[in-house]
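Down below is the structure, laid out as structure tokens.
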Number of protein chains: 2
Amino acid sequence: MRATIEDVAREAGVSVATVSRALRGMDHVAEVTRDRVVATAQRLGYSPHFGASLLAGGATRTIGLVAPYYDIWYTSQVLAGVEEVLSAAGHDLVIYAADTPLNREQFLSRAHSLQTRIDGLLIVDFFPDVGQLQRLIESGLNLVAIGEDVARVPSLSIDNFDAAFRATRHLIEIGHTRIGIAGGQQVSLDTSPVLASRIDGYQAALADAGLKELAEYRLTGMLTVSGGRQAIDELADQLEPPTAVFFMSDEMAMGGLAQARRLGIDVPGDLSIIGFDDHDLAEATGLSTMRQRVRRLGSLAAERMLSLPDHDSGRVHELMPVELVVRDSTAPPR
Amino acid sequence: MRATIEDVAREAGVSVATVSRALRGMDHVAEVTRDRVVATAQRLGYSPHFGASLLAGGATRTIGLVAPYYDIWYTSQVLAGVEEVLSAAGHDLVIYAADTPLNREQFLSRAHSLQTRIDGLLIVDFFPDVGQLQRLIESGLNLVAIGEDVARVPSLSIDNFDAAFRATRHLIEIGHTRIGIAGGQQVSLDTSPVLASRIDGYQAALADAGLKELAEYRLTGMLTVSGGRQAIDELADQLEPPTAVFFMSDEMAMGGLAQARRLGIDVPGDLSIIGFDDHDLAEATGLSTMRQRVRRLGSLAAERMLSLPDHDSGRVHELMPVELVVRDSTAPPR
DNA sequence: CTGAAAGCGCTTACAG
DNA sequence: CTGAAAGCGCTTACAG
């Protein structure tokens, strides 16, 4: 039998109101009273009924997070950052998956009902269209976007255009003129503004240097290890393949690196490779990359969330730095 | 203003009891009535108050998961598997971190209060001692353990002894006699029964082959990329280093692989390396390993949880298969 | 098939 | 500093 607040009140010889106040550390409770109540609660193994306190007006002290996948490096880092901040603040984290269009739709239709369940929602790579955004906002939830800019929603992200521009420019600066890009064909996310921005940045860097862009240098494959393998296979079939490739994720780049080695393509002798993320294994692999601090992105987003809506930061889009890290996988063409 | 069940009842011209029954798809509601209620609820944007329905006796339809880390490959796979099953069943997932002893203690002291918040708890690498286990059980939560055997708690795991035995035997069978093991020094988890079992399996395989075990072949380092680097550094300093090493995780093995390359140690020529897990990058890296289906571990555990306590499987310890995968990183010594 | 009513266990003004 | 009481919004026997 669970002990209720009434049990504690009776045992401690006070009213339930006093128990409630004492246990939640509110003012205007005599120290002796509080001590007695706390001791009694402890003895009875009392803890408030979650539903009851919610109904009576308590906060859920729970934040939701929705992301497409949980089995990839990026999400795991975001999650770790978020979790760290939330748990330190005594908040819980509930996670939702929205990978397929169907799941996204299901999630959106639930969004409204989450209002009594969570205090806020962190969205990761959700890329809502106008209608979907409207539904999210109408849910009444506090929203913070991670890794993507969403109109009317505070967000933390990076400048994908600029990062891609600099990655490409690095390849240009060390002398490459035939430069490919891989990862645009992210099958399951039909339109990712993030990837679109990176492609734009890549194109701008080429144009800036007076280099022309070749359609066949736009390599297919998803942002995964096997996607990287696929991209390299595609490249290997070309008569005049690029001498450098910008992979839009490190996982993909490492898949590419491995496949290149397998096919006898020397990196960076025959082919320079630059990735994106600074994955845990990037340094060990000697992979040049654009480093983003994903875990920090998560923890900062969680902090923003916790300071909402009190210090309503008024729809701020914060940009996190991205750093070019040159390692062994990029070198001048020979 | 949130719409309440009363609003719906009034608008639909029925009692709140009928609304409640109609919306939850219970029997004994006339089709026409149900349709009218559903339509009204829809129109008013009604969704039940979570706290109210909990208090009135509803289930939380939420499962908790506690794990030490969320930024490692293993946990991300478990999580993805769990999430997949739970969301398909209409359940939510709330995650708790328990990495440091302090966090574990905090979590345990909360466990009891989670009873009104979640319907069950999945525990990953928690390794409770007798007292801690007692507290978990007394919390009254439905428990399922993942990756570890916990007395009196249904679990899904692998046979770590056997897997390590076979990994080591593989190295022996291809001709190695000086065989090291790396990863035992998992700093933050003072005593991991999982790693202890693997060390036992390693020792048993050596003993079985009449090989003697050298203390200096027990390499230090955590199960991470940098731990692998550290282990290889330690090995490189030895006068008569092992010719093969069993790394207790693929992430560590890949760190070791990279460091070996950096130091000019040829793999598998000078050194054979076998890992554990079959990480996404293991195949690309050509890493021989002991494959465990971590994602499946998660999804099966979630299924077990959902079938509790109805079909109380009566404290069953299920073992998942582990498969030796031989790739390029292991070869006979030269 | 439907409704009136009790009850779930808290929190929060309102008094004192 | 403390208590009595209303109220939060549901679900579930119990009647009919």
Side-chain angles (χ1 to χ4, degrees), chain A residues 1-41 44-62 110 112-119 140, chain B residues 1-41 44-62 110 112-119 140:
Chain A
M1 221 48 251
R2 279 182 44 79
T4 69
I5 197 173
E6 198 135 8
D7 298 329
V8 178
R10 191 182 330 106
E11 290 282 318
V14 293
S15 71
V16 297
T18 298
V19 173
S20 177
R21 283 187 287 250
L23 257 28
R24 284 177 305 137
M26 299 183 75
D27 283 348
H28 306 300
V29 178
E31 267 316 303
V32 286
T33 310
R34 187 190 306 277
D35 291 348
R36 186 153 37 95
V37 169
V38 168
T40 309
L44 300 184
Y46 167 76
S47 54
H49 183 109
F50 184 57
S53 54
L54 270 191
L55 179 56
T60 67
R61 298 189 71 80
T62 302
R110 272 193 71 190
H112 181 76
S113 75
L114 296 180
Q115 218 186 359
T116 54
R117 208 185 188 313
I118 57 181
D119 295 334
Chain B
M1 222 48 254
R2 280 181 45 79
T4 68
I5 197 173
E6 200 135 4
D7 299 329
V8 177
R10 190 181 332 104
E11 290 283 317
V14 293
S15 71
V16 297
T18 298
V19 174
S20 176
R21 284 186 286 248
L23 258 30
R24 285 178 304 137
M26 299 183 74
D27 281 348
H28 307 299
V29 178
E31 266 319 302
V32 285
T33 310
R34 188 191 305 278
D35 291 348
R36 185 152 37 93
V37 169
V38 168
T40 309
L44 300 184
Y46 167 76
S47 55
H49 183 108
F50 184 57
S53 54
L54 270 190
L55 179 57
T60 66
R61 297 189 72 80
T62 303
R110 273 193 71 189
H112 181 74
S113 75
L114 296 181
Q115 217 186 356
T116 54
R117 209 185 188 310
I118 57 181
D119 295 334

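Of all nucleotides listed (D:dG9, C:dC10, C:dT2), D:dG9 comes nearest to the side chain of B:Thr4. Looking at the side chain of B:Arg24, the nearest of the listed nucleotides D:dC10, D:dT12, C:dG9 is D:dT12. The side chain of A:Ala17 has D:dA4 as its nearest neighbour among C:dT11, C:dT2, D:dA4. Closest to the side chain of B:Ala56, from the set D:dG3, C:dG9, D:dC10, is D:dC10. Comparing D:dT2, D:dG9, D:dT12 against the side chain of A:His28 picks out D:dT2 as the nearest. Which of D:dT11, C:dC10, D:dG3 sits closest to the side chain of A:Arg21 comes down to D:dG3. Of the candidates C:dG9, C:dG3, C:dG7, C:dG3 carries the atom nearest the B:Thr18 side chain, counting heavy atoms from C-beta on.
Proximity of B:Ser15 to the phosphate of C:dG3: a side-chain N or O atom is located under 4.0 Å from OP1 or OP2. Between D:dT11 and B:Ser20, a contact under 4.0 Å exists linking OP1 or OP2 to a side-chain N or O. In this structure, A:Thr33 reaches the D:dT2 phosphate: one of its side-chain N or O atoms is under 4.0 Å from OP1 or OP2.
For the pair A:Arg117 (side chain) and A:Thr62 (backbone), a donor-acceptor distance under 3.5 Å is absent. At least one donor-acceptor pair under 3.5 Å links the side chain of B:Arg2 to the backbone N or O of B:Ser47.
Whole-Å rounding puts the B:Arg2 CZ to D:dC10 C1' distance at 11 Å. D:dA4 atom C1' lies 12 Å from atom CD of A:Glu6, rounded to whole Å. Rounded to a whole Å, the CE atom of B:Met26 is 14 Å from the P atom of C:dT2. At whole-Å resolution of the value, CZ in B:Arg10 and P in D:dC10 are 12 Å apart. As rounded to whole Å, 10 Å separates atom P of C:dG9 from atom OH of A:Tyr46. Here the P atom of nucleotide D:dC10 and the CG atom of B:Leu54 are 12 Å apart, to the nearest Å. Atom CG in A:Leu55 sits about 10 Å away from atom C1' in C:dT11, given to the nearest Å. At whole-Å resolution of the value, CD1 in A:Ile5 and P in D:dT2 are 15 Å apart.
Counting only N and O atoms by type, the side chains of B:Arg24 and B:Ser20 include a donor and acceptor under 3.5 Å apart.
For the pair A:His49 and B:Leu55, the tightest heavy-atom approach, listed with the atom from each and the gap, is NE2-CA, 3.9 Å. A pairwise comparison of heavy atoms in B:Thr60 and B:Leu54 identifies CG2-CD2, 3.5 Å as the closest pair. A:Thr4 and A:Tyr46 get closest at one heavy-atom pair: C-CE1, 3.5 Å.
The nucleotide D:dG3 finds its pairing partner in C:dC14, both defining distances of the Watson-Crick or G-U wobble pair being shorter than 3.5 Å.
Residue contacts for A:Phe50: at a heavy-atom cut-off of 4.0 Å it reaches no nucleic acid atom on any strand shown.
Residue order along DNA chain C, read from the 5' end via each residue's closest nucleotide, puts B:Val16 first among B:Gly57 and B:Val16.
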